Amino acid sequence: MNRTSRRLLDLAPFLLFVTVLAIFGVQSPKFLESGNLVNIVVQASSTGIVAVGMTFVLLTAGVDLSVGAIMFVAAAVAGKMALAGWPLPIILPVMVAVALMFSACNAFFVTKVRVAAFIVTLATLFIGRGLGLRITETRAMNLPDSFLELGSARWLGVPLPALLFGGVLLVAHLVLTRTPFGRQVFAIGHDVEMAKKAGIRTGRVLAAVYLISGLCAAFAAMVSLGQLGAVSPKFGEQKEFAAIAAAVLGGTSLFGGRGNVFPGTLLGALLIQAIENGLVVVNADPYLYPMITSVVIFISVWLESLRNRTR
Amino acid sequence: MQPATNNQLQTTNNELLSFRGIEKAFFGVKVLKGVSFTVPAGGMVGLVGENGAGKSTLMNILGGDLQPDAGTITLEGSGYAPLNPQDATRRGIAFIHQELNLFPNLSIAENIFLTRFPRAGVTPFIQRGGMNRRAVDLLREVGLEIPPDRLVETLSAGERQLVEIAKALSIDARLILFDEPTTSLSERETDRLFALISRMRARGITMIYISHTLADVFRLCDDIVVLRDGEVVGSGATKTFTTEKLVSMMVGRTVSQLFPERRSLGKRGDEAEAGFATGAPLLEVNGVSQPGVLRDISFTLRRGEVLGLSGLMGAGRSELARILFGLDPRTAGEVRLNGEQLPRLSPRELIERGVAFLTENRRSEGLCLDASVGDNFTLVTLPQHGRTPLRWLAGASLKSAVERIRAVVKLDAKTSDSQPVRTLSGGNQQKVVLGKWLLRQPRVLMLDEPTRGIDVGARFEIYQLIHQLADQGAGVLVISSDMEELMGLCDRILVMCGGTLVDDLPRAQFDRERILRAALGTNQEAAP
Amino acid sequence: GKSEAPPTAPAAPGKVKTVGVAFETLQTEYWIAGFEAIKAELKKRDITMLEAVADSDASRQLQQVKNFITRGVDGIILVPKDAKTCIPMIRAANEAKIPIVLFNRPADKTDAQFTAVVADNPKLTQETVTYMIEQARKTGTKHKAMVVLGDLGDINAIGRRDGFEAAVKGNESFIEVVARVPSEWNQEKAQAGVANALQANPDISFIFTSSDFLLPSITSALKASGRYKKVGEPGHVILGGFDGDATAYQMLVDGYLDATGVQDVYFEAQASVQALVDRREGRPVAELYLDPGFVIHQGNLKEKAARMWGANIRK
Amino acid sequence: MTAAATTNHKPQTKNPLGWFLSEYLGLGLTVLLFLALAPFTPGLATSNNLLNILGYLLPLLIVAIGMTLVMISGGIDLSVTSIIALTSVVGAKLMTGDAGVPTIVGVLTMLALGAGLGALNGAVITLLRLPAFIVTLASMMFLSGFAIWLTQSKSIYGLPGSFLALGQRLPISLALTVVLALAAHLMLRRTVFGRWLYAIGQNATAAHISGVPVRAISTAAYAASGFCAALASVLLTARLETGSPVLGREILLDIIGATVVGGTSLFGGKGKIAWTFFGVLFLTVLDNALNLLSLSQFSITITKGAVILFAAVLDAVRSRFVVRSS
Ligand SMILES: Nc1ncnc2c1ncn2[C@@H]1O[C@H](COP(=O)(O)OP(=O)(O)OP(=O)(O)O)[C@@H](O)[C@H]1O
Ligand SMILES: Nc1ncnc2c1ncn2[C@@H]1O[C@H](COP(=O)(O)OP(=O)(O)OP(=O)(O)O)[C@@H](O)[C@H]1O
Ligand SMILES: [Mg+2]
Ligand SMILES: [Mg+2]
């Protein structure tokens, strides 16, 4: 393999992303307008933020199926409070608290009782969904405009959701690559028993990882609320799936110990959103959406694996 | 320093550590049965015993990985009952595990400082530069000139062992536990390690040293403790032991020699009887190359030959064997088996043609750790027990194969066939991998560090087995870092250096000095 | 199959004491409203109600219907997942001689016996969209239109899509459909899709959503692009929906929504229970009760609001 | 011979806690759940209800068996529900309308299609060395979209009676399931293929070096999973008398959940058909009982979560007990 193709492969995920943009751009010049590109980022924010938290969990060879349910409960509580007239500065911290309570429960059962993460979070998924339905009384809630304003607010011209996404991404990237905790997450993902032998306090690290995932779910719920201005009984449904997909698409291994949030998870989340966006912009046949999306996903992982293999 | 409370075993009165009646059982099987001995401050104690005698278990208790069922440990006069490895580190105990405890997905420096990362000031961030600089110093001390930000997964087994040692050095330890630290080190690295050990002794660091290389134990240790079947069967100053005495204490019988007699190839008179043309080429390697790893390797392995492959760490011996077995790619060269050119190298096809390869990484490449002893033994030969068309397994023949092979490799009698291999002692795990390949009755056997962690008693039998295979017409390629082993076992030794073959010596010309010189390469003055 | 009827199933006509109500999902307000209406209707008549929700899983729903039969209910009200998978359920009820009513969704032609109380999705949608088109015609300009589709695997969503297409057909000269956004019945997807379509076609001035529960997604996208205007204001986007939920009612009252197709849940609930009682008591029962439904719009809001379920649930 | 195998590593089950400590805890919990709820739950313990549970359970179990094989090999198959949907509509299209092929041809086509799609998944995963999760996720999206596009959202009715019998005559579906489960069980326990599958899941590198045809065997596991999905599709399609492009769409998490709750590891190398059976049985009985109790939906959901958690905690306690009591 010569140098140039080597370098091309190195850039593969990025190039694919650009290719997708270019193809849609040719189909409809509106696709490449800055407004639309910003749209893509904003729309990817909610899933992207959950996916960042999920990446932490996946890196430890765990999984968190409860993120969507946590989002739902947090949003349901927020909705109730908003309708009762509470101000945002109180509601937002409460959402975080609710999410952390749930993820603390996940953390407890995973680290102390040592139940498999899949089962624990599956159970909290059910519990959370049920609780959310109970809180909302299975009704849709339309929230006051303060949420929508938050969702479309801009700071220095950058929409708040994108800003939050960027912030979460930056912090997560620094934590994973630059702090002791981050490196220990990778060690645990390779082998918990070994990590214990090496003197890592595995319980604490694991617990922290689930709390981070819950925290991200709370942020994602805020972003979604800001976008929708409403809570329906389907709020956050299947989010866990979208988040795992974005993380894995970004090269994070389900078996732990391998992956990154930047650029991996970011590109994973953006790619899926860019396709969905582009399909709407070019007014594609609705029946083709899943097929086109899946083919692009497939090409993306394939390129990624080619790149890794020639390493 | 605490006043000595007790000096039952040792004559010195400044003991650092003492074990009293330590007991440990796994699944109802007693592994340690009341172990008591004392380690003097600043001393070096050799701990020897057969595979499965309980050496690692005892060290795991000391290192906080396991808790004893009964008994106490005293460290510097006060009670010491570590609940986890952190407790041990806090008390200044460093532990170099037999099974290397490194994370391949992290860099060398990160592995070294995993629980004590240097921070950049008050920030939560790792101070990368400082960490890497310290790592370079530590690596230099163990003799490893590798950038500290390289991922551990790119290191060979020997290099990893040195990283593990550097890691132990990084904590200012008062007591260092070495559990078979030299199994993947070649002569030069071993010498470096020993030099390091004596420097540390000079600084007053106490050490416990576990090894199956008795010569090293004699050379390094002041005192020796012999464990057999979980009990201390002998202890005392090193000078009170001889090799014979030590071995017979360990294995409970006398073993007169370390290597079996080898009738050299040329001298054999019963070729016709053996049913094969002695010396006919079996495996011919011609011009095998892979950039950066191997350059133009050519040699021939003949029937009935035991061929040794010597060289320093990183010389490319393991790479060569891996390429021959189809595990790594090659850019050039051809390989012939029995005169027939092999178009494609793949483990499956090679195994079908009677080739076997024992890799140097038993845990990651040799064993299914959570599978049972029986399943691991029979993994390679499984198809032979599967009756067509459904490949229905014959339980009885499987069982008898396992019975047979566990006797052949002398597997620890305490272990059962349904036990997961993860719970076996290191040496016994190695016996399982070896047995797995021996069951196949291969015609070409490639062994990378075959006796890693195997005790002297069993070693002898394994050498005998290798000779027996060769006598039946097989060709054996042995890679070993233990030059004694190569010289005792082989008919011919090839020496590698920097990815090329640099020397080829028949048995008659075996010479330590010459091999070592060849392995170091011609630009000898550059070497330290 | 087995011919033995469950022991508790009475062979002769009698009174209705217990009714099993099996819903496919309770995740939109429309279904909750229907559910509550049935509950109220049964309570009024002193009938015990057993409930089951299938979470969109047809196989689970079959199991739930069989559960009801096991429990010996006197009648079953079923919201089937789709027109076909419910047929074995109807058969099972027939075999046990328990009357069954399909609520809001019809079954395909079959030899099995049931009563259906349904609104005509395509027809009501077509009427709603036709009203919207009339409004568009009044403006005298050409309109670019967007339709928000439901789940392509959901029969109701397809019915509404077909109704929309049928209404647009023939009016292509001034209604051009430039965006068909699949929402998979997901608010977030709908919001993103609508925002994207508005980005690509800022001149869209006609939006129909296959269900009112997606209205918040549309309004938030409209608000973000500053196009959320009342009827009559310049730049108003003609907006229509289907179901008649509380959000739609509020938007009608506030003057943002042009029209929505309302299914008359009270009628449907009452007719369903009545059908069960009649059949049990030996009176003749029709095979099909059509909920006429109605289009509620700015012109008839006052007169029709009382029968709009969405106007009544926020109390 | 040495004194081999004189000690038994497995925990003795003679002590009074033996039952609690055995791997049959899952089955025990199900029975316990059933007995505990029976007095309060009208109709739970009737033969009709049991038959009803069975009818619902069989297709789930069939898919879960395929999933177990894939998970033992260290993979995962998210595409099963889409394979169910696609084979359902393809089979229904073939057997109805003008084409109207005989039932046997239709069923065999469905099974072949399922196995083929599974094999394709497996081939892509092993040959291109891609993560199973993302490959099967992509094929889930693609196949489901394809099935819906193929039918333009319309389900297909009017299947021949001989086909419907497959799903509606309980003895037939029961026999099919039992045969499949036994075959899978024996295959795992008693054949070279089964041993290889475990070995691949435990350590694919070691297996490859030991001459196990890793690619072929993993691919076969995915093919088996596709086949099982297709067989489940036959039962479901016949049971519901409909070829539906969204058939089974909601059951993916139930399938994986039941398999994992049963004790099969997501990381490979560990799992048994019997465990999967317990897992499916547990979740199905729980679901059925909660339904019969006629609780409100949120109570059902919450209770379901709580019971799963409780069972998992018991299991965790059990495995620690096993270690300690030895
Ligand atoms: N976790 C465990 N579970 C069950 N048995 C164990 C476990 N760990 C060790 N054993 C058993 O304890 C015995 C002693 O093992 P240990 O590792 O201490 O031996 P060793 O003296 O270090 O041998 P070697 O020289 O081969 O390393 C062996 O029989 C081994 O099978
Ligand atoms: N995956 C890899 N990526 C980069 N370098 C590697 C990789 N694997 C091995 N190496 C390097 O290749 C060189 C040759 O390694 P090899 O294992 O063949 O040496 P060896 O002669 O067998 O030595 P040893 O006795 O340590 O096993 C080493 O320097 C090693 O660091
Ligand atoms: Mg040991
Ligand atoms: Mg080597």
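Below, chain A is the first sequence line, B the second, and so on; all start at residue 1. Computed from a predicted structure; not experimentally measured.
Of the listed residues (B:L106, B:T115, B:N105), the one with the most heavy-atom contacts under 4.5 Å to chain A is B:N105. Considering only heavy-atom pairs separated by less than 4.5 Å from chain B, the leading option among A:V175, A:L174, A:D191 is A:L174. Ranked by heavy-atom pairs under 4.5 Å with chain A, the first of B:T123, B:N60, B:N84, B:L102 is B:L102.
B:T89 does not touch chain A: none of its heavy atoms, backbone or side chain, sits under 4.5 Å away. Neither the backbone nor the side chain of B:R116 has a heavy atom closer than 4.5 Å to any heavy atom of chain A.
Between A:R204 atom CZ and A:L211 atom CG the span is 13.0 Å, to the nearest 0.5 Å. Atom-to-atom distance recorded for B:F178:CZ and B:I208:CD1 is 11.0 Å, nearest 0.5 angstrom.
Side-chain contact between A:F262 and A:L169 is present, with heavy atoms from C-beta onward closer than 4.5 Å. The shortest distance between side-chain heavy atoms of A:L59 and A:T55 falls below 4.5 Å.
Remark: of the listed residues A:L254, A:T265, A:V209, A:L254 is the sole one forming a side chain to side chain contact (heavy atoms under 4.5 Å, CB included) with A:L58.
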